[in-house]
Amino acid sequence: MRPILLQGHERSLTQIKYNREGDLLFSCSKDVLINVWFSTNGERLGTYDGHNGTVWTIDVDFESRFLISGSADNTMKLWNVQTGKCLFTWEFPTAVKRVAFSENGDQVVCVTEQRMGHQGAIRIFDIDRSSDGTNQSTEAVNVFHPIGSKATVVTFAHKPSLILTGHESGKIALFSAETGEEVETNQKAHMETITDLQLSPDRSYFITSSKDKTARLHETATLRVLKTYATETPLNSAAIAPLRPYVLLGGGQEAMNVTTTSARQGKFETRFWHKIFEEEVGRVRGHFGPINTLAVHPSGKSYASGGEDGFVRVHHFDDSYFKTRPYGEFEPDP
């Protein structure tokens, strides 16, 4: 699998995201830029320039019409994907750590950081899709403050009326989007901070990665832990591969401890685990620092990883990946 190396950032990657069709790949990093690439050949299409601080998070709607981004400059911005124009800016008292569109793109949820006397907050905004996107309301339709541990990741759950969150303490929770009430919680989903949360295509289950060196598969409706993938390194990201029964995990030692270790000891590989059997099946090397973010192409034909080294690597799977029999003799004949 020869990777395509995307060089468009000067600092470490924070999040990468495919659009629904998978032809575009969006990337953001600590260098204030958001880039968009053709996922097939790695050609850079353009840049979304307007933030003044680290861009922590991005999401693109189902039509690839709007892009939403959250930054350390305490703003969340809505962009026109095609033109690169910033359509609207929301301002907050603290940094925006995670953003996500609802399935039909008419709402956005974001997490703002707990800092300088401000509580961490989850805010939901309606997105006006009828016009060119510049006519948005600055007022959130709902704001709520999770009690206890602060939220680190957030997304819309299997129903648009529910918000799914991952927290610093390792808990996961479902909140009502209308009332802000905690509907369901799993306090012991992880032992440490949850670093990433990615849903399956039908949103019925999801995967989380954590600093506690594990990734876990959960049922969305009950938050029950279905599978656990235990590694020996803190994890920054986890993704579910469509088509094949695999999950991808990425992480590595903290960047500040890396200077004393070689790349091999730092464990900077993308790890493939069997989703059902909870066994590691392979690794892909390449990054010169921890892997911060992973994304799998919606068709399951390729995946991308973004690292502390400032590179995005796009891997198109070889034929052998699709021909293997991950269930051995249990595999039904094609």
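Remember, it's a predicted structure, so these values are computed and weren't measured experimentally.
Nearest approach of Leu197 to Arg98, heavy atoms of both residues: O-NH2, 3.4 Å. For the residue pair Asn74 and Ala95, the shortest heavy atom distance occurs at OD1-N, 3.2 Å. Across all non-hydrogen atoms, the minimal contact from Val296 to Gly300 is CG1-CA, 4.3 Å. Closest of all the heavy-atom pairs between Val55 and Ser69 is CG1-CB, 4.2 Å. Minimum heavy-atom separation, Val60 to Phe101: C-CD1, 3.6 Å.
For the pair Thr293/Gln15, a side-chain contact is recorded, criterion being any heavy-atom separation below 4.5 Å from C-beta on.
The CG atom of Leu249 sits 11.0 Å away from the CG atom of Asn236 when rounded to the nearest 0.5 Å. Note that CG of Leu24 is 4.5 Å distant from CG of Asn19, once rounded to the nearest 0.5 Å. To the nearest 0.5 Å, atom OG of residue Ser27 and atom CD1 of residue Ile34 are 9.0 Å apart. Residue Ser305 holds its OG atom at 4.5 Å from NE2 of His315, rounded to the nearest 0.5 Å. Annotation: the span from Ser71 atom OG to Met76 atom CE amounts to 12.0 Å, rounded to 0.5 Å.
No donor-acceptor pair under 3.5 Å is formed between the side chain of Asn80 and the backbone N or O of Gly84. Of the possible polar contacts, one joining the Thr193 side chain to the Glu168 backbone as a donor-acceptor pair under 3.5 Å is found. Ser200 contributes a side-chain N or O that, together with a main-chain N or O of Tyr205, makes up a donor-acceptor pair within less than 3.5 Å.
In this pair, Tyr321 and Phe272 present their aromatic rings perpendicular. The plane angle is above 60°, beyond the 30 to 60° band.
Side-chain polar atoms of Arg123 and Thr112 form a donor-acceptor pair below 3.5 angstrom. At a cut-off of 3.5 Å, with distance as the only test, no side-chain donor of Thr220 or His218 sits close to an acceptor on the other residue. The closest side-chain donor-acceptor pair between Thr195 and Ser209 falls under 3.5 angstrom. For Arg244 and Thr324, the side-chain atoms include at least one donor-acceptor pair closer than 3.5 Å. Using modelled atom types and a 3.5 Å distance limit, the side chains of Ser299 and His297 yield a donor-acceptor pair. For the residue pair Asp132 and Thr134, a side-chain donor N or O sits within less than 3.5 Å of a side-chain acceptor on the partner. Side-chain N/O atoms of Glu308 and Asn292 include a donor and acceptor closer than 3.5 Å. Of the N and O atoms on the side chains of Asp31 and Ser29, at least one donor lies less than 3.5 Å from an acceptor on the other residue. A side-chain N or O of Thr47 and one of Asn35 form a donor-acceptor pair less than 3.5 Å apart. Side-chain N/O atoms of Arg216 and Thr208 include no donor and acceptor closer than 3.5 Å. Side-chain atoms of Tyr229 and Lys213 form no donor-acceptor pair, as typed in the model, at a separation below 3.5 Å.
Within the 6.0 Å centre-distance limit, the rings of Trp90 and Phe88 are counted as a close aromatic pair. You'll find the ring centres of Phe66 and Trp79 outside the 6.0 Å limit. Aromatic ring centroids of Phe268 and His287 lie 6.0 Å or more apart. Ring centroid separation for the pair Tyr303 and Phe317 comes in under the 6.0 Å cut-off. Remark: aromatic rings of Phe277 and Tyr327 are close, center separation under 6.0 Å. Taking the six-membered ring for Trp and the full ring otherwise, Phe175 and Phe144 have centroids separated by under 6.0 Å.
Salt bridge absent: Lys211 and Glu192 never bring a charged side-chain N and a carboxylate O closer than 4.0 Å. The residues Arg129 and Asp106 are annotated as not salt-bridged, no charged nitrogen and carboxylate oxygen being separated by less than 4.0 angstrom. A salt bridge is absent between Lys30 and Glu10; no separation between the charged side-chain nitrogens and carboxylate oxygens falls under 4.0 Å. Remark: Glu232 engages Arg271 in a salt bridge, criterion side-chain N to carboxylate O under 4.0 Å.
Checked options Ile16, Leu6, Leu5; the residue passing with Val314 is Leu6 (criterion: side-chain contact (heavy atoms from CB on, under 4.5 Å)).
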